[in-house]
Amino acid sequence: MRIKIENLNKIYKGGSYALNNLNLEIPNGMFGLLGPNGAGKSTLMRILVTLMKPSSGRVLVNGMDLAKHRREIRSMLGYLPQDFSFFSKLKTYEFLDYAARLAGMKNSAKRRTAVEQMLEEVGLFEARDRNANKLSGGMKRRLGIAQALINDPKIIIVDEPTTGLDPEERIRFRNLLSTISTRDVIIILSTHIVGDISSTCDNMALLNKGKLAFAGSPGELVKEAEGNVWLIKATEKEYLEINEKYPVISTIPVDGGWEVQVVAGDINGYYGEQIRPNLEHAYVHFMENRLNQWSNV
Ligand code: ADP
């Protein structure tokens with residue numbers, strides 16, 4: 001599978017660009033779409049799932065133009081929106097069966113098998129007779145992914161994947177998606193939380209104010225931050241200064257002061273050492289430096 005986004009623009013009423021000449025290729029595997037609130041992620045997702053049309057530009061799915069092959073491409077899609085919820089009193093398996101029917105699975109015997117397999121896959125088989133709206137947050141999210149996957153989609157789009165999940169459920173959810181990503185599919189995770197991207201994504205893009213700020217692997221983004229992350233040993237007084245001067249990533253109390261991780265090119269006389277960046281450092285580095293430089297141009 002391959003998605004190619006060409007010169008995509010979306011201008012809402014009022015005239016501001018939610019997407020501004022976006023060019024991006026999304027290959028097989030897990031793809032992270034990262035950006036702060038308002039970056040244009042949901043707009044892009046809505047265009048990809050054919051809920052909205054772009055103002056100009058085009059999206060190609062395996063070479064097929066989304067605007068001309070809507071129905072065909074729609075049948076390849078599975079979508080888990082951020083605000084996925086249940087308004088019905090259906091049981092868990094009934095809900096999934098309903099979703100399968102909506103997805104066009106007409107044969108009831110095949111549907112039954114597919115529903116049972118999917119319930120097993122997302123770990124909800126035991127809960128199949130429970131009312132869907134009575135499931136826990138994590139279980140609802142898994143039922144959400146089950147309905148997105150029931151039709152064996154080739155493109156799976158998940159908006160804000162870990163919203164409302166506790167840490168244990170986050171890991172389960174991430175593992176479930178990783179298992180699926182080994183198939184011939186594209187999984188797009190759209191999020192403003194760096195931790196949702198992490199090492200699970202093969203490729204990623206950083207969106208800011210409707211523009212593509214970075215595209216590549218998470219490792220490449222991390223590389224850009226090398227030499228720009230410091231662990232400073234600070235006194236109480238220094239810590240307050242540092243907090244004013246630099247983006248602080250984390251703070252740990254130690255004997256006589258604090259160990260403070262900051263993103264900066266130089267720490268100008270404070271006592272500290274460089275440390276290896278992770279994706280969170282890299283994201284902050286990128287937003288602080290590259291984007292500020294650009295906006296000053
Ligand atoms: P994200 O999902 O990254 O938070 P969005 O795609 O929701 O970003 O929004 C991108 C920009 O478009 C924001 O400035 C937002 O205010 C604007 N926007 C989003 N939806 C609409 C809409 N329906 N009408 C007008 N402006 C919108």
Side-chain angles (χ1 to χ4, degrees), residues 3-26 30-61 66-67 70 73-74 77-85 137 141 144-145 148 155-165 170 173-174 177 186-198 200-201 203-218 221 247 279-280 282-292 294-297:
I3 299 176
K4 198 162 183 232
I5 293 164
E6 291 181 345
N7 306 322
L8 205 65
N9 288 292
K10 178 70 193 182
I11 308 162
Y12 286 112
K13 282 197 191 97
S16 69
Y17 278 81
L19 294 175
N20 193 338
N21 199 33
L22 191 68
N23 286 282
L24 183 64
E25 287 203 32
I26 306 179
M30 193 100 87
F31 188 90
L33 183 66
L34 183 64
N37 283 330
K41 304 181 297 295
S42 302
T43 301
L44 179 59
M45 296 302 103
R46 272 184 244 138
I47 292 172
L48 290 180
V49 299
T50 73
L51 288 175
M52 197 166 72
K53 288 183 180 165
S55 305
S56 63
R58 60 178 194 166
V59 177
L60 301 173
V61 175
L66 185 66
R70 291 174 85 79
I73 292 171
R74 209 175 251 188
L77 287 172
Y79 180 40
L80 175 53
Q82 184 183 352
D83 51 3
F84 178 73
S85 53
R141 205 70 186 141
I145 196 76
I155 300 168
I156 299 148
I157 296 178
V158 184
D159 211 349
E160 300 291 349
T162 60
T163 306
L165 297 186
R170 272 175 204 209
F173 193 74
R174 194 182 298 160
L177 290 175
I186 291 175
I187 302 180
I188 302 176
L189 303 178
S190 168
T191 182
H192 69 285
I193 298 168
V194 183
D196 283 344
I197 306 279
S198 71
T200 44
C201 289
N203 290 286
M204 64 174 288
L206 198 57
L207 217 57
N208 191 51
K209 295 179 184 156
K211 288 188 177 168
L212 184 69
F214 170 88
S217 69
L221 188 67
L279 197 60
E280 192 182 357
Y283 179 59
V284 172
H285 171 66
F286 211 86
M287 297 306 273
E288 287 284 320
N289 292 291
R290 296 281 291 272
L291 301 179
N292 286 343
W294 289 358
S295 58
N296 292 337
V297 173

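Keep in mind that what you see is a predicted model, and the values were worked out from it rather than measured. All ligand and atom numbering here is 1-based and tracks the order in the structure.
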Approximate separation, where rounding is to 0.5 Å, of Met30 CE and Ile156 CD1: 9.5 Å
Show me the side-chain donor-acceptor pairs of residues 14-25 shorter than 3.5 Å, one per line, residues at least two apart or across chains.
| from | atom 1 | to | atom 2 | distance (Å) |
| --- | --- | --- | --- | --- |
| Asn23 | OD1 | Asn7 | N | 2.9 |
| Asn23 | ND2 | Asn7 | OD1 | 3.2 |
| Glu25 | OE1 | Arg2 | NH1 | 2.5 |

Should Val59 and Lys4 count as side-chain neighbours, where that means a heavy-atom distance under 4.5 Å? no
Could you go through residues 34-44 and list every donor-acceptor pair under 3.5 Å that involves a side-chain atom there, pairing it with any protein atom two or more places apart or in another chain?
| from | atom 1 | to | atom 2 | distance (Å) |
| --- | --- | --- | --- | --- |
| Lys41 | NZ | Gly35 | O | 2.7 |
| Lys41 | NZ | Pro36 | O | 3.1 |
| Thr43 | OG1 | Tyr12 | OH | 2.8 |

Can you name the residues that come within less than 4.0 Å of ligand 1, going by heavy atoms only? Tyr12, Ala18, Pro36, Asn37, Gly38, Ala39, Gly40, Lys41, Ser42, Thr43
Examine the side chains of Asn203 and Ser217 and answer whether a donor and an acceptor come within less than 3.5 Å of each other. no
Mind checking what makes side chain to side chain donor-acceptor pair (under 3.5 Å) contact with Ser55, not counting sequence neighbours? none
